[in-house]
2 protein chains.
Amino acid sequence: MTAKNKQVYFFGGKKADGNAAMRNLLGGKGANLAEMVNIGIPVPPGFTISTKICNTYLNLGNRLPDGLTAQVDAALLRMARVSQKRFGDKKNPLLVSVRSGAAISMPGMMDTILNLGINDDVAQTLIKRTGNDRFVYDAYRRFIMMYCEIALGMSREPFEKLIVDVKKRLDVCYDFEVPAKELKTIVQKSKRLLTKAGFEFPEDPMDQLWGAIAAVFRSWQNPRAITYRELNGIPDGLGTAVNVQAMVFGNTGPASGTGVAFTRNPASGEKRFYGEWLQNAQGEDVVAGIRTPHPLEGRSKRSHALNRIMPDCYRKLHTIQQKLEKHYRDMQDLEFTIEDGRLWLLQTRNGKRTGPAAVRMAADMVKEKLITPEEALLRVSPTQIDQLLRPVFEPHAEKLAPKLGRGLPAGPGAATGRLAFSAATAVEMASQGPVILARTETSPEDIAGMAAAEGILTTTGGMTSHAALVARQMGKVCVAGCAAAHMDYRKQQLQIGNATFKEGDYISLDGSTGMVMGGEVSTTPSEVIRVLLHHRKTKHLSPVYHAYEMMMTFADQYRRLGVRTNADQPEQAQVAIAFGAEGIGLCRTEHMFFGEGKIDAMREMILAENTEAREVALRKLLPLQRKDFQGLFKAMNGRPVTIRTLDPPLHEFLPTSKKDIHALAKQLQLPPKKVEARIQSLHEFNPMLGHRGCRLGITYPEVTAMQARAIFEAAVKVAKSGIAVFPQIMIPLVGKKEELALQVKLIHDIAEAVFKEKGKRLKYLVGTMIEIPRAAVTAHEVAEHADFFSFGTNDLTQMTLGVSRDDAASFLTEYQQLGIYDRNPFEALDQSGVGQLVEMACEKGRAQKRSLELGVCGEHGGEPSSIEFFHRVGLDYVSCSPYRVPVARLAAAQAAIRHPGKRLHKVA
Amino acid sequence: MTAKNKQVYFFGGKKADGNAAMRNLLGGKGANLAEMVNIGIPVPPGFTISTKICNTYLNLGNRLPDGLTAQVDAALLRMARVSQKRFGDKKNPLLVSVRSGAAISMPGMMDTILNLGINDDVAQTLIKRTGNDRFVYDAYRRFIMMYCEIALGMSREPFEKLIVDVKKRLDVCYDFEVPAKELKTIVQKSKRLLTKAGFEFPEDPMDQLWGAIAAVFRSWQNPRAITYRELNGIPDGLGTAVNVQAMVFGNTGPASGTGVAFTRNPASGEKRFYGEWLQNAQGEDVVAGIRTPHPLEGRSKRSHALNRIMPDCYRKLHTIQQKLEKHYRDMQDLEFTIEDGRLWLLQTRNGKRTGPAAVRMAADMVKEKLITPEEALLRVSPTQIDQLLRPVFEPHAEKLAPKLGRGLPAGPGAATGRLAFSAATAVEMASQGPVILARTETSPEDIAGMAAAEGILTTTGGMTSHAALVARQMGKVCVAGCAAAHMDYRKQQLQIGNATFKEGDYISLDGSTGMVMGGEVSTTPSEVIRVLLHHRKTKHLSPVYHAYEMMMTFADQYRRLGVRTNADQPEQAQVAIAFGAEGIGLCRTEHMFFGEGKIDAMREMILAENTEAREVALRKLLPLQRKDFQGLFKAMNGRPVTIRTLDPPLHEFLPTSKKDIHALAKQLQLPPKKVEARIQSLHEFNPMLGHRGCRLGITYPEVTAMQARAIFEAAVKVAKSGIAVFPQIMIPLVGKKEELALQVKLIHDIAEAVFKEKGKRLKYLVGTMIEIPRAAVTAHEVAEHADFFSFGTNDLTQMTLGVSRDDAASFLTEYQQLGIYDRNPFEALDQSGVGQLVEMACEKGRAQKRSLELGVCGEHGGEPSSIEFFHRVGLDYVSCSPYRVPVARLAAAQAAIRHPGKRLHKVA
């Protein structure tokens with residue numbers, strides 16, 4: 001047999017025909033089994049029929065090629081040699097499993113037939129050998145069912161019904177409660193079902209084997225598999241391999257057993273072998289949780305730990321786990337079975353882990369020189385870093401709490417507190433203890449209440465609703481759009497499922513899962529937060545904390561993207577700096593107008609009838625804004641501070657209820673009709689596309705003038721006090737270069753005036769947001785007047801997709817279910833659509849002006865897949881909410897490692 | 001003097017140094033004067049100083065080059081020889097005018113100094129020669145004023161004040177009422193003003209001349225001129241020429257006179273010399289309308305016609321006008337002056353004309369072989385063709401009508417009728433006579449009322465508001481956004497300015513000017529409409545009608561773009577066909593739902609709680625839609641019919657008032673609360689970007705299924721009756737190819753089912769609108785599933801610019817004033833922004849699928865500059881409202897003539 005003709009790859013004993021590199025030929029599973037054998041791990045022997053044969057089989061019109069029989073026979077002989085059992089043998093029969101396995105994992109279509117090789121004679125022999133007739137008949141019954149379903153294409157249902165009926169009759173719950181006698185009858189009945197359907201039961205194990213192999217090859221073409229490949233872009237020509245492997249049983253007696261193990265602790269990350277096992281049991285017994293498993297290692301003499309019951313097996317297993325971790329260079333999750341005192345490894349794979357564990361393992365493995373810092377950075381997912389920042393429920397308390405319903409996990413972490421149904425009440429109640437603000441949805445008027453609350457619960461709205469957006473920026477826990485909840489403001493009560501809550505009742509939110517729980521569930525801030533923000537430097541920092549520091553240091557060494565933050569308040573800025581932010585990428589000045597006393601002057605400005613009256617109101621706002629900016633400049637201490645001029649439509653600043661309108665009229669000494677009329681005149685059909693952004697600054701240049709003056713006066717004042725300042729003024733919603741040119745000139749004029757008045761000059765930049773498709777398409781023109789671009793990907797997504805974020809709930813969920821969008825485009829940048837405009841704008845902008853600074857300040861600036869895109873198209877920085885800064889630093893480092901080299905202005 | 005050194009170009013007598021081709025060197029005016037001289041037209045002699053000298057002057061730091069003096073002196077001598085007057089001469093002095101004149105006309109900066117060469121001595125001589133001291137002192141006074149302003153840079157105001165004061169004192173209105181004595185005093189006072197300002201009056205005519213020449217060159221650099229060049233992209237280096245020309249006077253006695261003439265009638269287009277003149281008068285007397293001018297030609301012996309008073313001059317003028325028209329190959333507008341029996345032509349230019357005249361002249365000139373059909377097509381503007389379709393006010397009645405206020409000219413034409421304030425009333429009143437529907441704004445519910453009305457008046461809304469859009473599609477007269485009008489529904493009255501109207505009062509609208517008039521002003525449909533639509537074929541069709549037919553035939557020969565129409569009703573389709581439409585490019589199916597009985601089933605469908613209930617309602621809609629489609633297919637008789645599936649958000653179909661909601665609830669036997677709740681749940685913040693378009697068809701596939709079934713059943717039925725059908729189903733608001741794929745599959749499945757049921761197959765296409773920026777950017781993907789693209793440039797403009805059409809009024813007007821937008825982007829396509837996406841989509845779409853059909857169905861499809869763009873990027877057709885079809889045919893022909901060659905997939 002030449003290598004060219006090789007169709008079957010044996011594994012088992014000390015040496016396999018294949019190895020890990022032969023994924024394409026052997027599939028992922030086959031290659032991995034071969035690899036384990038090659039490094040000396042005891043694996044039940046078997047063989048892999050290559051993926052090429054799958055294609056041959058299908059091309060021949062479902063016929064297996066010549067020569068395969070001989071190779072399979074040879075492999076079966078080798079299996080017998082290793083396992084000392086023979087397939088179809090009457091004395092010591094070998095059962096096998098038959099599994100598919102493609103080069104790319106296709107979880108939906110992995111057909112498996114277990115216990116193949118059994119027939120009436122073999123069953124009798126096995127009963128004799130194991131003394132366990134229940135086990136043998138159960139295996140027999142299961143084989144018939146799987147074979148009928150997979151190889152013969154029958155429905156599984158009538159077979160399942162046989163055992164269900166028996167359980168009903170006997171009034172028992174679990175399969176294992178069904179006695180051997182009944183199982184034997186089921187085997188007979190199963191065979192009858194098969195005969196009735198016009199088949200004959202293949203008593204010859206070889207017939208079973210060939211039937212199963214052909215069935216697995218055919219399964220490559222079943223509709224489920226075809227659809228899966230289409231959706232995931234897997235080429236049809238890859239084909240699947242077939243893995244035939246000796247069955248081993250952990251339930252053949254007291255010298256047998258089965259278990260799972262991790263090479264390190266998957267919860268804490270501690271470098272310590274960790275696992276569970278059951279004596280005389282099958283793998284599914286461990287998983288099903290019917291019997292309580294025992295630890296692998298124990299000191300007490302009465303312990304059922306593996307090291308005490310089977311010390312020899314334990315030692316072998318321990319050596320193997322060390323070998324596997326070293327070989328795969330990552331924490332492994334193993335499955336093992338001990339059959340009659342002989343240890344077999346059934347599987348090894350990289351183990352899942354919690355955030356703290358991931359960070360600790362990555363750092364430890366670098367220290368152990370097991371992996372490089374680059375690898376370590378790629379090992380930690382951004383979500384796992386984020387977990388380290390979230391407050392946590394005390395685990396015991398959480399378990400006991402009643403689960404009421406689930407919303408969207410909009411702001412991760414744990415929060416518990418008393419319910420407030422309005423922002424005002426939240427502020428009021430906050431002095432007496434933690435508050436959860438519950439609203440149908442939130443608006444900018446609720447800012448103070450949101451700031452005062454521990455957590456925010458809304459009954460409507462999505463992951464990027466106002467509540468979610470502000471919550472993440474503030475680092476608040478938020479469950480958004482909890483459909484099970486109904487807010488009744490009139491009755492002043494919140495209904496969640498069957499539970500009814502009044503203001504002041506306790507409720508708890510898990511913003512990482514979206515779960516809403518009744519009552520008080522105690523929480524605690526995470527260690528990273530305690531150290532970085534609360535400055536509680538304890539002497540005994542945990543290994544996880546040290547690992548976090550190490551990983552962040554690595555991240556900063558590798559990333560090319562700068563990381564700024566979206567912050568409007570000095571406190572937010574300080575938080576962001578503690579998390580490693582290098583500047584402010586977006587200060588939304590409108591948030592400043594909602595503060596104490598500012599909203600009145602703002603409303604007066606809006607209600608002004610002419611430019612003069614407007615300027616009077618603006619003069620009141622000037623010192624307030626200036627003070628805000630001073631605070632920000634001081635906090636940022638010379639780092640760039642990007643300040644966006646007024647953006648939202650004016651009606652957002654005005655009250656809506658009749659009562660509030662009257663109160664405002666009284667306060668401003670205006671007739672209520674006039675206030676109402678002005679509010680009416682500001683009504684817009686599509687406010688997102690209305691009179692806002694720079695359109696305000698152009699029609700009311702005095703507003704931009706006031707804001708520019710406040711910025712420059714604040715900057716000069718702080719600079720004179722010896723603190724460096726670097727303002728970057730950003731014009732929102734620019735669609736044509738002419739708009740930007742007008743605002744830029746106005747700002748330069750104000751800057752000149754202030755510098756002259758105050759006798760001090762400062763460096764500053766004026767740039768624009770790119771958030772309107774037209775601006776992206778004409779970026780070469782816009783760049784003429786801009787020092788920088790900052791992509792406002794929230795609005796750019798809304799306009800490019802023609803989807804209003806606030807209204808998308810009614811169809812976006814269904815769109816995701818239908819596969820129209822893989823991910824919510826407001827969370828992860830739509831790279832092939834919106835991304836094209838971003839890339840185009842980068843290229844056109846830089847072609848016009850090489851020095852153009854490029855950044856992003858949309859929500860996507862804190863989302864890893866988007867950050868990778870921004871790295872690839874060559875942005876200078878991303879800006880995200882303060883609590884996303886560590887995530888962004890890590891994601892930026894990962895992007896740089898995955899896409900090395902300098903700025904790539906062309907996406908591959 | 002070599003040609004290279006030539007700086008001054010003489011014209012006059014029989015031969016000029018220059019000609020029409022020397023526009024760059026002599027400016028437009030100078031070249032044209034030279035040209036007239038060359039073809040033997042008597043033009044007052046003069047000379048042009050070339051534009052090169054302008055640059056030299058400016059480059060030398062405002063110094064005239066050496067050698068110029070000699071050339072000017074020589075030219076002055078030649079002038080003296082032709083005119084038999086000498087500049088500065090005491091016996092027979094020559095006065096001259098000095099004018100600027102660039103190669104490209106710059107109307108804002110054309111400085112002119114008249115009567116140059118006058119001083120006290122010259123004035124005395126002139127008085128002696130003319131015997132008209134009033135004329136001479138007036139000329140003198142004006143010269144000083146113009147010289148001071150232009151050459152010395154003084155303000156004109158104090159000079160104007162001198163004459164104003166005198167008129168006040170004498171209590172007279174007009175300058176000509178001021179006697180010579182007073183004018184003489186003004187001359188003296190003017191000189192004193194000049195002296196006080198530190199200047200000295202240049203008594204020497206040569207000093208005057210050099211001062212004026214230098215001033216004209218300097219004016220090239222005045223801020224006004226610089227801005228104008230910037231705005232119009234005129235290179236700074238062009239420079240201006242200076243034209244010095246002998247003054248001639250038509251008021252030197254009874255053998256003098258002045259007049260204006262057209263080579264053909266500018267109102268009717270008739271080929272007949274037409275003009276007016278005044279004996280012993282200046283040009284401004286004709287223009288000012290103080291004396292009533294006489295015709296050029298008259299038969300009565302008592303007539304003051306030129307042919308009777310000065311038959312010789314008349315004959316010369318007649319010969320000249322024929323020569324000029326033949327030379328310039330277009331109707332000429334002439335100015336002439338007769339000085340002492342000698343005829344001089346002062347100017348000739350292409351004459352302005354009405355729409356009917358333009359069409360008739362173009363057609364006639366082709367018949368006369370004066371111009372080619374291509375030239376004829378370029379001679380008629382689309383607006384002029386449009387004028388031929390509009391109803392007209394009877395001129396006398398219009399003159400008498402009280403003008404109340406002006407709105408936007410949203411639907412051209414004249415309409416008069418009785419006021420209705422609701423759609424229902426309009427329908428009711430329409431049986432008794434013409435109705436004008438007045439609303440603050442209209443909505444789809446008003447369709448029936450709009451159809452019943454002659455004209456529509458709204459108090460708010462722009463050129464592309466619902467009212468304007470539907471009015472143009474229906475060919476209705478519409479004045480939109482009349483700010484002077486206030487609608488008070490409660491009082492049931494309409495206030496316009498000081499006038500108050502009740503329902504039933506008469507009002508008249510001029511939709512071509514936006515004027516609103518009180519009372520009944522009688523109108524009449526245009527001849528083209530009478531013939532094409534009303535089939536009133538008279539035996540005596542006017543020459544204009546024949547010309548229209550001829551020009552449209554030419555247009556169809558030359559254009560490459562197809563022209564389809566936007567129509568939902570068979571009647572509209574018939575109108576469009578009469579106008580030459582070649583298919584339907586957009587049938588908005590939702591308009592069909594507002595018909596009698598249909599809205600109920602539609603509402604039932606919307607309020608359905610589940611798919612089953614929805615299908616029950618849809619089954620009621622099916623036969624109604626089918627019938628609509630049958631009508632359309634029959635009317636279009638085999639031409640393509642592009643049908644868009646349901647597009648607007650569902651809430652548009654539901655009532656808004658409490659009363660209507662209750663009525664609906666009762667009718668559907670539902671609790672009002674339920675109806676209210678559903679309406680509430682359909683509320684959207686930005687409905688434009690909400691749950692509409694294919695998003696409806698995807699979340700409620702049964703709706704698309706019903707529509708597809710109605711289309712195919714109707715198509716099969718009509719086809720079986722022997723009439724050809726060609727349905728093209730169009731999916732709106734597609735942003736991702738996956739959306740289109742889902743809807744296309746659904747439609748193909750329904751088509752197959754219907755074809756099988758009915759036993760007949762038909763050719764049909766399924767395509768998509770490109771109206772979301774994402775679809776344009778990913779057009780190569782979308783094209784995979786589309787047979788055609790139709791650009792929905794209305795929505796594409798809204799999203800690309802981030803501007804809601806309904807809300808743009810608050811800033812778009814100011815934006816246009818500030819020059820941010822040259823034209824309203826909802827009227828004329830924003831070529832550099834939205835156009836880039838259109839072009840990109842064309843390229844990417846055709847690259848994916850060569851056979852892809854490309855069209856446009858947005859409002860821009862009927863706008864000439866946009867049509868030219870669509871031709872250039874290679875669309876297959878444009879679609880516009882029925883009444884725009886002739887305009888589109890002409891514009892498409894013009895585009896093809898201006899941009900010959902085949903499809904250009906790349907815009908130059």
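Chain naming here is simple, since letters A, B, ... match the order of the sequence lines and numbering starts at 1 in each.
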**Q** Below 4.5 Å from any heavy atom of chain B, which atoms of D795(A) appear? Answer side chain, backbone, both or neither.
**A** neither
**Q** Please step through side-chain contact (heavy atoms from CB on, under 4.5 Å) for the pair Y815(A) and I698(B), ending with a clear verdict.
**A** CA-CA 8 Å; Y815(A) 264 44; I698(B) 285 167; 3.4 Å; yes
**Q** Donor-acceptor pair, N686(A) side chain versus M688(B) backbone, under 3.5 Å?
**A** yes
**Q** Please classify the contact of E684(A) with chain B as side chain, backbone, both or neither, using a heavy-atom distance under 4.5 Å.
**A** both
**Q** Out of curiosity, L801(A) CG to M799(B) CE, how far, rounded to the nearest 0.5 Å?
**A**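 L801(A) atom CG to M799(B) atom CE measures 10.0 Å (nearest 0.5 Å).
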**Q** For chain A, find which of L812(B), D830(B), L818(B) contributes the most heavy-atom pairs closer than 4.5 angstrom.
**A** D830(B)
**Q** If you count heavy-atom pairs within less than 4.5 Å of chain A, which of L682(B), T778(B), V777(B), L837(B) leads?
**A**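 Looking at each option in turn, the highest pair count goes to V777(B).
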**Q** With a 4.5 Å cut-off on heavy-atom pairs, point out which of S810(B), G693(B), A775(B), A808(B) contacts chain A the most.
**A**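 Greatest number of close heavy-atom pairs with chain A: S810(B).
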**Q** Could you state the interatomic distance from NZ (K844(B)) to CD (Q836(A)), rounded to the nearest 0.5 Å?
**A**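 With rounding to 0.5 Å, NZ (K844(B)) is 3.5 Å from CD (Q836(A)).
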**Q** Determine the option with the most heavy-atom pairs under 4.5 angstrom with chain A, choosing from I772(B), V834(B), I820(B), L742(B).
**A**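 Max contact count across the listed options: I820(B).
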**Q** Does anything in residues 731-740 of chain A reach chain B? List residues with heavy atoms under 4.5 Å apart, or say none.
**A** K736(A), E738(A), E739(A)
**Q** Show the nearest heavy-atom pair for residues G833(B) and R774(A), with the distance to one decimal.
**A**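 For G833(B) and R774(A), the tightest heavy-atom pair comes out as N-NH2, 3.5 Å.
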**Q** Which heavy atom in F685(B) sits nearest to a heavy atom in D807(A), and how many Å separate them?
**A** N-OD1, 2.8 Å
**Q** Rounded to the nearest 0.5 Å, what separation is found between the CD atom of E814(A) and the NE2 atom of H691(B)?
**A** 7.5 Å
**Q** Taking every heavy-atom pair that is under 4.5 Å apart, which of A741(A), A776(A), G802(A) has the most such pairs with chain B?
**A** G802(A)
